[in-house]
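A short write-up of the structure that comes next.
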Number of protein chains: 2
Amino acid sequence: MTRRMKLDLSIILQKATKLVDEKGLDQLSLGSLAEELQIRPPSLYNHINGLNGLKQKLALDGVKKLNEYMLQAAVGRSGDDAIRSVSEAYIQFVRIHPGLYDATTRFPDANDKELQQAQESIVQLVLQVLQAYNLQEEIAIHMVRGLRSILHGFTSIEQMGGFGMPLDINKSFSILINTFIEGIHTVVSNEDEYLQGE
Amino acid sequence: MTRRMKLDLSIILQKATKLVDEKGLDQLSLGSLAEELQIRPPSLYNHINGLNGLKQKLALDGVKKLNEYMLQAAVGRSGDDAIRSVSEAYIQFVRIHPGLYDATTRFPDANDKELQQAQESIVQLVLQVLQAYNLQEEIAIHMVRGLRSILHGFTSIEQMGGFGMPLDINKSFSILINTFIEGIHTVVSNEDEYLQGE
DNA sequence: CTATTTTTACTAATTGAATTAGTTTTTACA
DNA sequence: TGTAAAAACTAATTCAATTAGTAAAAATAG
């Protein structure tokens, strides 16, 4: 006598997130999702625009959640400390939600205004964090791209099991972040050379 | 009277590479590949182990090619110069072979001895490059992971069209690499603190 | 050269998943 | 309580991968 769970988009995304985080994004199918939800696959079309539409909704949801997560990590901190904290949050998020994160990188809908806004929000957050260094506006944006590359690259490789050597992965991460931070400090002192490309 | 092209694995990989680089890895299908090769899809099974086997062969091929590419870029250079050159080669390779590169990160066969060897070869190459800095062995490996994260992260985001702002992407890249290099220089001077995690 | 074996391509059939069409049930609420 | 909208269903379609079994072609042994 299980009462039928009331189905709506948020329930669907919740179950889909669980599935992709546990089995991987490529294992997500309308069949498996429908089974989890105890409905038939076609019923899902009343809520989502097919499998691809679902993945795009996951991508949006993932970016929003990542943004919140990083925001929490940034409050009350500044400078090096803020960079480390935000970076730590990023890697933690990906570890908790590998499949959801994967969706954010593989199925972002370039036309989705809400998604663009969430992405922009992350950029702004990191720009805030970098304010402490008084970088020139343009350099600051390059640095945002740099940090994002580092975070995405490291987490992606970790998720694919790409770090083969028997060496503490967390140490690799903190050294990477610290190396980048030290680099920023140096760049701050020689900004003009870097802008023109020396 | 077109003579039937003699089909073998290398021809198949060649055409498959062309397809994935032009249309994207997810668009690769045995149907489209067979059509290009003017055979029927089942015939492919005489050469490859299904679609997944094909993707794994692409992954192996991609890593080997990337390795060669980086090797070429490294010869005759050392230190900062070598890091820049190898990094430049990496990003160039991904720009030339986006689909093939994608395969190397999404379909590596963890049990393939040949693949492991090719991957190891890249690690060794970068370790060679880092010798110039006289880093402690352990730190050096962390740095290899760091550089790899940077290169994979940056190229992945570029490929997904993730850098939205209207700012020169090549400049972002060179600043990122230079920042990392500056970071290494600083780390060299304070190695012990970094090893223990300060 | 010819016969045999192996390789490679083929057709036909199967499977599995997404999707669409069209219908029925349920729910909301006037 | 009746009606409209929402949401679920069954049935059918499509498309791609794969498998089974057969035929053609090529390599090779005698």
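Below, chains carry the letters A, B, ... as their sequence lines are ordered, and counting in each starts from 1.
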(request) Tell me, please, which residues at least two apart from B/F173 pass ring-ring contact (aromatic ring centres under 6.0 Å, His included). (result) B/F154
(message) For a 4.5 angstrom cut-off between non-hydrogen side-chain atoms, does B/L130 reach B/L147?
(response) no
(request) May I ask you to evaluate whether A/H47 reaches the phosphate of D/dA6, defined as a side-chain N or O under 4.0 Å from OP1 or OP2? (result) no
(request) Whole angstrom is fine here: how far is it from CD1 in B/I39 over to P in C/dT8? (result) 12 Å
(request) Measure the shortest side-chain to side-chain distance between B/M165 and A/E120 over non-hydrogen atoms and say whether it is less than 4.5 angstrom. (result) yes
(request) Grab the CZ-P distance between B/R40 and D/dA16 for me, whole Å please. (result) 14 Å
(message) Are the side chains of B/L19 and B/S32 in contact, using a 4.5 Å heavy-atom criterion?
(response) yes
(message) For the backbone of B/A110 and the side chain of B/Q116, can you confirm whether one donor and one acceptor N or O come within less than 3.5 Å of each other?
(response) yes
(request) Rounded to the nearest angstrom, tell me the gap between atom CD1 in B/I48 and atom P in C/dT8. (result) 13 Å
(request) Using a cut-off of strictly less than 4.0 Å, decide whether A/S43 has a side-chain nitrogen or oxygen near OP1 or OP2 of D/dC9. (result) yes
(message) If the threshold is 4.0 Å, N to carboxylate O, is there a salt bridge linking B/D26 and B/R106?
(response) yes
(message) So, under a plain 3.5 Å distance rule, would you say the side chain of A/N46 forms a donor-acceptor pair with the base of D/dA6?
(response) no
(request) Taking B/R145 for its side chain and A/L167 for its backbone only, find out whether a donor-acceptor pair lies under 3.5 Å. (result) yes
Considering only distance and modelled atom types, tabulate donor-acceptor pairs under 3.5 Å from the side chains of residues 85-99 of chain A, sequence neighbours left out.
| residue | atom | partner | partner atom | Å |
| --- | --- | --- | --- | --- |
| A/S85 | OG | A/A73 | O | 2.7 |
| A/S85 | OG | A/R77 | NE | 3.2 |
| A/S87 | OG | A/I83 | O | 2.8 |
| A/Y90 | OH | A/Y101 | OH | 2.6 |
| A/Q92 | OE1 | A/Y69 | OH | 3.4 |
| A/R95 | NE | A/E158 | OE1 | 3.2 |
| A/R95 | NE | A/E158 | OE2 | 3.1 |
| A/R95 | NH1 | A/N170 | OD1 | 3.0 |
| A/R95 | NH2 | A/E158 | OE2 | 2.9 |
| A/R95 | NH2 | A/N170 | OD1 | 2.9 |
| A/H97 | ND1 | A/D21 | OD2 | 2.5 |

(message) Base contacts versus sugar-phosphate-only contacts with protein, heavy atoms under 4.0 Å: please encode nucleotides 16-25 of chain C as B, S and - from 5' to 3'.
(response) -SSBB-----
(message) When the axes are fitted on five pairs at both termini, how much does the helix from C/dC1-D/dG30 to C/dA30-D/dT1 curve, in 10° steps?
(response) 10°
Identify every side-chain donor-acceptor pair in residues 43-55 of chain B under 3.5 Å, counting partners at least two apart or on other chains, and give the distances.
| residue | atom | partner | partner atom | Å |
| --- | --- | --- | --- | --- |
| B/S43 | OG | B/R40 | O | 3.2 |
| B/N46 | ND2 | B/S43 | O | 3.4 |

(message) Expected output is a numbered-order residue list: members of residues 18-26 of chain B with a heavy atom under 4.0 Å from any atom of DNA chain D. What is it?
(response) none
(request) Would you check if the side chain of A/R148 reaches a backbone N or O of B/G162 as a donor-acceptor pair within less than 3.5 Å? (result) yes
(message) Less than 4.5 Å apart, side chain to side chain, heavy atoms only: is that true for B/L66 and B/I122?
(response) yes
